[in-house]
Amino acid sequence: MLDINLIREKPDWVKDQIRKLNDAPALARVDNILELDRQRRTLLTEVEAIQAARNRLNKQVGRLRGDKSLSAEARAATAAAASDALERADYAAAVALMEGEQAAPPTSLSPEVALESLMTALKGMGDRVNALNEQVKEVEGRLDEQVLWLPNLPHDSVPVAESEASNIAWPPEGEIRTFDFEPKAHWDLGPALDIIDFERGVKMAGSRAYVLKSWGARLQRALISLFLDSARAKGFTELYLPYFVAEPMMYGAGQFPKFRDVVYFDPDAEVYMLPTAEVAITNLHRDEILDEAQLPLFYVAHTPCFRREKMSAGRDVRGIKRVHQFEKVEMYKFTTPETSYAELESLVEAASDICRALKLPFRRLEIVTGDLGFSASKKYDIEVWSPGCNEWLEVSSCSNTETFQARRSNIKYRPTEGKKAQFVHTLNGSGLATPRVVIAILENYQQADGSVVIPEVLRPYMGGADRIPASV
RNA sequence: GGAGAGGUAGCGUAGUGGCCUAACGCGCUCGCCUGGAACGCGAGUAGGGGUAACACCCUCGUGGGUUCGAAUCCCACCCUCUCCGCCA
């Protein structure tokens, strides 16, 4: 979420930043937001003035009724005059009369009647406050809705370009193997090795469902353990998380409202299945004020991820590259603003180190403004080479969202030097996502005889086995 | 799922319609005292909105309601604890 003060104070700069994202609908919202913000503040000024007057008047009601030093005539006069002032909506005069700052002219009304009329006037004032508060709520609702649709703004270091076609690929690391036979794609290798069963997966759960079997299931479980251990060795605290969350968490992480389409929802329990562990970890410290001394906080969690892939229907339909349910290990950092960009670099390195350990050829992709996505200020992807599919597969995406998620989730920290609490920066990065790593291992480590060599670093997690045998 | 008890500022607690502009204790910060500390004494110590800055407004689990006025009364919901039932 962007800071409304920033939008109000530098609207043209904000618009320039959004233009870099190539997001016309978002751009159009800015003027709308400015207008709603103006309306909101105008209404607030009015309602708060009435509330302030009402608070003071109410305090005087008890005194007017109970003060024995006041004569019946004086009470009647004050009540009648204040009541008249309220009729004219002259709140200042009513306050002055009730607080005794201003003398009331005599009245012919009885104290009872005058008091009754004052009560009626005060009631009207209360009704007016309620009506205005309704309006404030309505305007605020529309304002929030608009602001929640605005994407994060890019960091100055992000290359400005229109689309993903311009993403900057860093030189690949690791050896891209040359085969003396035609390398197979995983959708052929998997069934041949009897470790991926597409047909039975689809039978049970529909399109894009799959079953990992035997060495396939074991390979994935080994990878998850490797990923978690690798992060833990770098100081990340392991978490076991709920796999579903209540709606506000989806807003907090920036999934909602824009990506409502991609999540699974249980309408009875009113909970949403995680599309990524990032959603849960972001909200771990929701509504908290952390001490600067606690920061940075590093977390890692393995969770399944559930995505409807509605918007990608028809893309990557073969194999297990794009599926409704997959496993991911997610790394996450809560940092101060001063350190977040250095932490982003080390986060990408942490993901890269896993590819190095698995001896998979990989490259870093520097994401340009037009492909940044909704929540990131800066983003790098890690892609591994997949010789069977003949493409680079995204296995990690590392982002610094700066205060974007922290604002939505209300996560602050108190600086050591006594200043006011301010928003933390949050970063997230996969480390890594399977089954894409399963794909890469099968395709990169396949042998002419149909077997697949198990990367050395994984063998301790697979009972010491060094190979997935070709025949069942 | 049933019964009961609760939810008040970092923590613990008080507060049953206006003196709550939320008290007190602990913790924390600063000052005095001291050679330096402890003790003692004094002051400060939630968040949000709003303003050029004040003023001011909102928040006592959440949302409604009653009332001139609600932490306090009424209704609904959420969560925690104790007991019971069911259960991997």
Side-chain angles (χ1 to χ4, degrees), chain A residues 1 3-9 36-68 70 75 78-87 89 91-92 94-99 111-141 143-144 147 240 242-243 245-249 251 268-271 283 285-294 403 406-424:
Chain A
M1 186 158 62
D3 184 358
I4 185 69
N5 292 303
L6 178 69
I7 301 172
R8 186 187 303 143
E9 282 156 27
L36 286 168
D37 179 54
R38 263 191 297 274
Q39 282 181 30
R40 173 176 169 273
R41 283 182 302 148
T42 304
L43 283 167
L44 276 181
T45 307
E46 187 182 359
V47 72
E48 284 184 7
I50 301 178
Q51 274 174 329
R54 186 185 64 166
N55 289 346
R56 292 172 71 170
L57 290 171
N58 280 332
K59 243 171 219 111
Q60 297 304 321
V61 170
R63 195 183 60 86
L64 189 66
R65 283 207 241 204
D67 191 343
K68 296 287 189 293
L70 283 175
R75 271 202 288 270
T78 302
S83 169
D84 284 349
L86 288 179
E87 287 297 317
Y91 303 122
V95 169
L97 285 159
M98 289 291 283
E99 289 182 347
E112 290 72 23
V113 172
L115 209 57
E116 190 61 32
S117 130
L118 175 63
M119 290 307 168
T120 306
L122 284 169
K123 168 112 178 116
M125 206 174 171
D127 292 342
R128 176 86 180 125
V129 167
N130 287 341
L132 283 169
N133 272 330
E134 285 296 311
Q135 282 186 54
V136 170
K137 241 192 229 174
E138 194 263 335
V139 170
E140 267 177 355
L143 179 60
D144 288 347
V147 175
Y240 172 78
Y243 294 168
V245 292
E247 191 176 46
M249 315 311 133
Y251 279 97
D268 290 326
E270 294 187 86
V271 292
N283 287 282
H285 292 295
R286 186 184 183 85
D287 293 326
E288 292 183 26
I289 299 174
L290 306 165
D291 285 328
E292 182 171 1
Q294 295 175 257
T403 63
R407 283 181 194 281
R408 289 174 165 244
S409 306
N410 190 27
I411 308 161
K412 298 185 173 179
Y413 77 100
R414 200 177 298 287
T416 313
E417 289 307 320
K419 283 169 288 182
K420 249 189 86 177
Q422 54 181 295
F423 291 108
V424 298

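- Pairing of B/rU72, defined by two Watson-Crick or G-U wobble distances under 3.5 Å, is not identified with any nucleotide.
- Of the residues A/Leu57, A/Asp84, A/Val113, A/Leu86, the one that meets the side chain to side chain contact (heavy atoms under 4.5 Å, CB included) test with A/Leu118 is A/Leu86.
- Annotation: B/rU80 and B/rU62 have their C1' atoms spaced 15 Å apart (nearest Å).
- In this structure, the separation between CG on A/Leu115 and OG1 on A/Thr78 is 10.5 Å, given to the nearest 0.5 Å.
- Taking each heavy atom of A/Pro415 and A/Gln422 in turn, the nearest pair found is CG-NE2, 3.7 Å.
- With B/rU21, B/rG47, B/rU51 as the candidates, the nucleotide lying closest to the side chain of A/Lys59 is B/rU21.
- Using the Watson-Crick or G-U wobble rule with both distances under 3.5 Å, B/rC20 pairs with nothing in any strand shown.
- Taking atom P on both B/rG12 and B/rG18, the two are 27 Å apart, rounded to the nearest angstrom.
- Under the Watson-Crick and G-U wobble criteria, each requiring two contacts below 3.5 Å, nucleotide B/rA55 is left unpaired.
- Annotation: B/rU8 and B/rC73 have their P atoms spaced 16 Å apart (nearest Å).
- Distance alone, capped at 3.5 Å, places no donor-acceptor pair between the A/Arg40 side chain and the A/Glu140 backbone.
- In this structure B/rA37 sits in no base pair that meets the Watson-Crick or G-U test at under 3.5 Å.
- Rounded to an integer number of Å, the gap from A/Asn5 CG to B/rU51 C1' is 12 Å.
- Using C1' as the reference atom, B/rG7 and B/rG63 are 16 Å apart when rounded to the nearest Å.
- In this entry the distance linking CD1 of A/Ile289 with P of B/rC11 reads 11 Å, nearest Å.
- In this structure, A/Asp3 contributes its side chain and A/Asn5 its backbone to a donor-acceptor pair below 3.5 Å.
- Atom CZ in A/Arg128 sits 11.0 Å away from atom CG in A/Asn133 (nearest 0.5 Å).
- B/rU72 sits 14 Å from B/rG65 when the P atoms are compared, rounded to a whole Å.
- The partner of B/rC81, taking Watson-Crick or G-U wobble pairs whose two distances both stay under 3.5 Å, is B/rG4.
- If you take atom C1' in B/rA46 and the same atom in B/rC60, they sit 12 Å apart, rounded to whole Å.
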Per-nucleotide protein contact string for nucleotides 52-73 of chain B, where B marks a base within reach and S marks sugar-phosphate only (heavy atoms under 4.0 Å, - for neither): ----BBS-----S--SBS----
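- If you check every strand for non-hydrogen atoms under 4.0 Å, A/Arg407 touches nothing.
- The P atoms of B/rC57 and B/rA71 are separated by 14 Å, rounded to the nearest whole Å.
- Regarding A/Glu9, its CD atom lies at a distance of 10 Å from the P atom of B/rG50, rounded to whole Å.
- Around atom CZ of A/Arg56, no more than 12 heavy atoms belonging to other residues, nucleotides or ligands sit under 6.0 Å away.
- For the pair A/Leu290 CG and B/rG47 P, the computed distance is 14 Å after rounding to whole Å.
- Atom CG of A/Asp144 and atom NZ of A/Lys137 lie 12.5 Å apart (nearest 0.5 Å).
- B/rC74 and B/rG17 have their P atoms separated by 12 Å, given to the nearest Å.
- Put simply, A/Arg8 has a side-chain N or O that comes within less than 4.0 Å of OP1 or OP2 on B/rG50.
- Across every strand in view, B/rC86 sits unpaired, with no contact that passes the Watson-Crick or G-U test at under 3.5 angstrom.
- Along RNA chain B, the nucleotide closest to A/Thr45 and the one closest to A/Gln60 are compared, and the more 5′ of them pairs with A/Gln60.
- Using N1 to N3 plus N6-O4 or O6-N4 for Watson-Crick, or N1-O2 and O6-N3 for G-U wobble, each under 3.5 Å, B/rC11 pairs with B/rG25.
- Atom CG in A/Asp37 sits about 7 Å away from atom P in B/rG50, given to the nearest Å.
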Residues A/Leu143, A/Gln39; criterion side chain to side chain contact (heavy atoms under 4.5 Å, CB included); working and verdict: CA-CA 10 Å; A/Leu143 179 60; A/Gln39 282 181 30; over 6 Å; no
